[in-house]
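Questions regarding the structure given below will be posed in turn.
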Protein chains: 2
Amino acid sequence: MSGPTNGTGASERTAAVDATQNGGRVTMQQVAAEAGVSVSTVSKVLNGRYGVSSHTSETVTEVVNRLGYEASLIARSLRNRRTNVLGVLVADFEPFSTEVLKGAADAIRGTGYELVAYSAGGRVDEQVGWERRYLSRVMGTLVDGAVLVTPTVTDVKYDGPIVAIDPHTGRSPLPTVTADNLQGGRLAVDHLLGLGHRRIGMLTGRSDLVSARLREKGYREAHAAAGVPVDEALLRLGAFEPEQGRIGARELLTLPDPPTAIFAANDLSALATLEVAAELGIDVPGRLSVVGFDNIPDSALADPPLTTVQQPIRQMGHDAVEMLMALVAGEEPADTHPTLSTTLVERRSTAALKATS
Amino acid sequence: MSGPTNGTGASERTAAVDATQNGGRVTMQQVAAEAGVSVSTVSKVLNGRYGVSSHTSETVTEVVNRLGYEASLIARSLRNRRTNVLGVLVADFEPFSTEVLKGAADAIRGTGYELVAYSAGGRVDEQVGWERRYLSRVMGTLVDGAVLVTPTVTDVKYDGPIVAIDPHTGRSPLPTVTADNLQGGRLAVDHLLGLGHRRIGMLTGRSDLVSARLREKGYREAHAAAGVPVDEALLRLGAFEPEQGRIGARELLTLPDPPTAIFAANDLSALATLEVAAELGIDVPGRLSVVGFDNIPDSALADPPLTTVQQPIRQMGHDAVEMLMALVAGEEPADTHPTLSTTLVERRSTAALKATS
DNA sequence: CTGAAAGCGCTAACAG
DNA sequence: CTGTTAGCGCTTTCAG
């Protein structure tokens, strides 16, 4: 009668608690020992399986509560096919991905699913293909399905439930949620055209990304629809980044016959344009109108506040998770490549073209 | 000679790949079979253990690359004490926690650690104590240490490395990173006092949270330092939320002798104050100055843009993770309860008090 | 140098 | 109704 196994003891603080070797985790072993039953019985009680006497069940429950036991996500995942955990895989936690995360959280609320966001913290050395690595590490074990945020490659060979958000390279075999970049480009340029602008410059995005190409296409389509010819001399590479955007903007604005408006493929280069204009003493929106794309927080704080095209990022996260849940449940989503509308956010960087002096 | 185990075969696409039963995961078993060696040998090669012939090593490496094998995070975690993964545990993914996440990502970049953010999606039913549940589920198995974001309770009994960010209830036994709420409150009220205001109302926060009490204390200290008496009739409960904030603001502004300025304990109630003022036809900042706390994105877009106290949320995430890494490495952090400075962001909701008409 | 075997914490047959 | 046993994918002794 000397083992700690003599169960139902009424002692308030028993030995099982001091097992601090696992970083303080209480294991099922300890619960079993404390309750004087076997591990499998504890498992049954915890999972509500039938075939346990109500007395045993109560005892176990009491011990579980007293010890504050919680099943290890890991061990459970390893054993079960199903985990009720959804993964959001991101290259890094930056404004776009965290916004997606908020939308994802909105979508799982009240569904019983849990959310795990995973990132190796933007390891530059192995940029391309990070999604494959991550997928291998968590799919089929930790999570039931995954959302890939802006993956660089989409020819993934997993047959598990996966949804990609805004993939870098075109349409892919896997379900995808994207913003309507084409429509966004049109929106921006239509706005400028409506304001009377006819010489509209564009700072294009990274040519290897579909999103960038679609925005440019929107620019061209808007011109065509309005019967305004595109002056190819007014297109410059902005590459989605401030430095290159600044260079392109400067070239455009120092032209003999500069554009009266500039559509930048993203806010970062639009903001750079604003800076260049200020340096050149060009009044915005007095002598130059600027439209961006993305609606990042900074754009509202710019001087003047930037008119820009907003992507419904949060909504994209929400829809991707909803689609993923359907996939996990074995359903076939109605639309596997939904495209979400973009909207124009009018602020003060655009104005009607003044009559030529 | 019929088994698939006959190893070194030169066939391009062998059978091992078709094992689609694990959601497409390639397991070490499959790699071993394909390479014609045992599982343990594969493990050794992957972990760079000594005692493997260079020939075997090459064969295995080749197969690993060809099959795109990646170790399962789960299985590895279960076996090893150390995982090189850090956890950020949040009740929900909302603006505050996602901002923390960005800071955390900044901190792990280049350290070799990976980051997992975990959330059960704000299950309302068991609000208090979610941190205990989460901790049990991931500590000691999935992650080496964890950052708790705004936990409701901090008397956690784990001895593993844990750092809390902005805990709801006072100082705790565990290491903590917080914003200087007291200083923030002083900053706000000093600003108002400096503008000439003498009748300054306050919309207080939730009385059960230390942060709220400290902000109020700052309000009082600023008054004391300036030798201005506090008029208790000018304090109203804002409770950190719009509805209650609106009620408090209305009471304050309809007083016979209303305050000329209001310090709201958070932006949400400050924004509510702005709305009430507009409804009442009170010009801000002409007849009323308003200062908030938090600097949420909406505050910059308000009309007028809100002057507010900014918390360095991102920095808090960064510092918490740095502290966590030190803890995991077995080091003793210099300061286990660092407090980060808050700053005043002056926008257009505050102005100098006009001479009384 | 290589493989067989044990075991991390848990669940699911299957016996007792 | 309960306990024993096997095994999820991996690492690590320990024999061969």
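Lettering of chains follows the sequences in order, A, B, ..., and the numbering in each one begins at 1. Scope of the values below: all heavy atoms of this structure, side chains included, with no hydrogens, waters or symmetry mates. Keep in mind the model is a prediction, meaning the values are calculated, not measured.
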Toward the 5' end of DNA chain D, which comes first, B:Arg49 or B:Leu78, by nearest nucleotide? B:Leu78

Any idea which of D:dT2, C:dT2, C:dC10 is nearest the A:Lys44 side chain?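 For the A:Lys44 side chain, the nearest candidate turns out to be D:dT2.
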
A:Leu73 CG - C:dC8 P separation (whole Å):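 Rounding to the nearest Å, CG of A:Leu73 and P of C:dC8 are 19 Å apart.
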
Whether the side chain of B:Arg79 and the base of C:dG7 hold a donor-acceptor pair under 3.5 Å is what I'd like checked.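 Donor-acceptor pair under 3.5 Å: yes.
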
Side-chain contact check for A:Ser72: nearest option of D:dT11, C:dT11, C:dC10 is C:dC10

Just call it for A:Thr56: base, sugar-phosphate, or nothing, with non-hydrogen atoms closer than 4.0 Å on any strand. sugar-phosphate

Side chain of B:Val39 - closest among D:dG3, C:dT2, D:dT11: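 Selected nucleotide: D:dT11.
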
Which whole-number value in Å describes the distance from B:Arg137 CZ to C:dC10 P? 11 Å

Please determine whether any donor N or O and acceptor N or O are separated by less than 3.5 Å between the side chain of A:Ser40 and the base of D:dG3.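 Under the 3.5 Å cut-off, the side chain and the base do form a donor-acceptor pair.
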
Exactly one of B:Asp319, B:Val177, B:Val163, B:Ile108 should register a side-chain contact (heavy atoms from CB on, under 4.5 Å) with B:Leu324. Which one does?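 With B:Leu324 as partner, side-chain contact (heavy atoms from CB on, under 4.5 Å) holds for just one option, B:Val163.
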
With the side chain defined as heavy atoms from C-beta on, A:Met28 is closest, among D:dT11, C:dT11, D:dG3, to C:dT11

Just do the salt bridge (Lys or Arg N to Asp or Glu O under 4.0 Å) check on A:Glu34 and A:Arg66 with the steps written out, would you? CA-CA 10 Å; A:Glu34 179 76 11; A:Arg66 179 152 50 83; 3.2 Å; yes

Rounded to whole Å, please give me the gap between CD in B:Glu70 and P in D:dG9.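 Roughly 16 Å, once rounded to whole Å.
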
Spacing of B:Arg82 atom CZ relative to D:dC10 atom C1', expressed in whole Å: 18 Å

Which residue, B:Ala75 or B:Ser54, contacts DNA chain C at a nucleotide closer to its 5' end, judged by nearest heavy atom?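 Comparing both residues, the 5'-ward one is B:Ser54.
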
Is a salt bridge present between B:Glu114 and A:Arg133, judged by a nitrogen-to-oxygen distance below 4.0 Å? yes

Which of the following nucleotides, C:dA12, C:dG9, D:dG9, is nearest to the side chain of A:Asn80?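 Nearest listed nucleotide: C:dA12.
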
Round to a whole Å and report the spacing from CG of B:Asn84 to P of D:dC10. 17 Å

Do any N or O atoms from the side chain of A:Thr56 and from the backbone of A:Val52 form a donor-acceptor pair under 3.5 angstrom?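 Answer holds: no.
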
Provide, to the nearest angstrom, the distance between the CD1 atom belonging to A:Ile74 and the P atom belonging to D:dT11.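 In whole Å, D:dT11 P and A:Ile74 CD1 are 14 Å from each other.
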
Heavy atoms of other groups near A:Glu62 CD, more than 12 under 6.0 Å: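 Yes - once you tally the heavy atoms of other residues, nucleotides and ligands closer than 6.0 Å, there are more than 12.
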
At under 4.0 Å between heavy atoms, what does B:Tyr69 touch on the DNA or RNA strands: base, sugar-phosphate, or nothing? sugar-phosphate

Determine: side-chain N/O of A:Ser38 to OP1/OP2 of D:dT2, distance under 4.0 Å, yes or no.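 No, because none of the side-chain N or O atoms of A:Ser38 sits under 4.0 Å from OP1 or OP2 of D:dT2.
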
Base, sugar-phosphate or nothing for A:Ser53? Non-hydrogen atoms, less than 4.0 Å.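 A:Ser53: backbone/sugar contact only, no base atoms under 4.0 Å.
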
Could you state the CD-P distance from B:Gln30 to D:dG9, rounded to the nearest angstrom?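 After rounding, the reported distance stands at 9 Å.
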
Basic-acidic side-chain contact under 4.0 Å: B:Asp92, A:Arg109: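 Salt bridge: yes.
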
For B:Arg76 and C:dG9, give me the distance from atom CZ to atom C1', rounded to whole Å. 18 Å

Taking the minimum atom-to-atom distance to the side chain of B:Thr27, which one of C:dT11, D:dC10, D:dT4 wins?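 Selected nucleotide (nearest to the side chain): D:dC10.
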
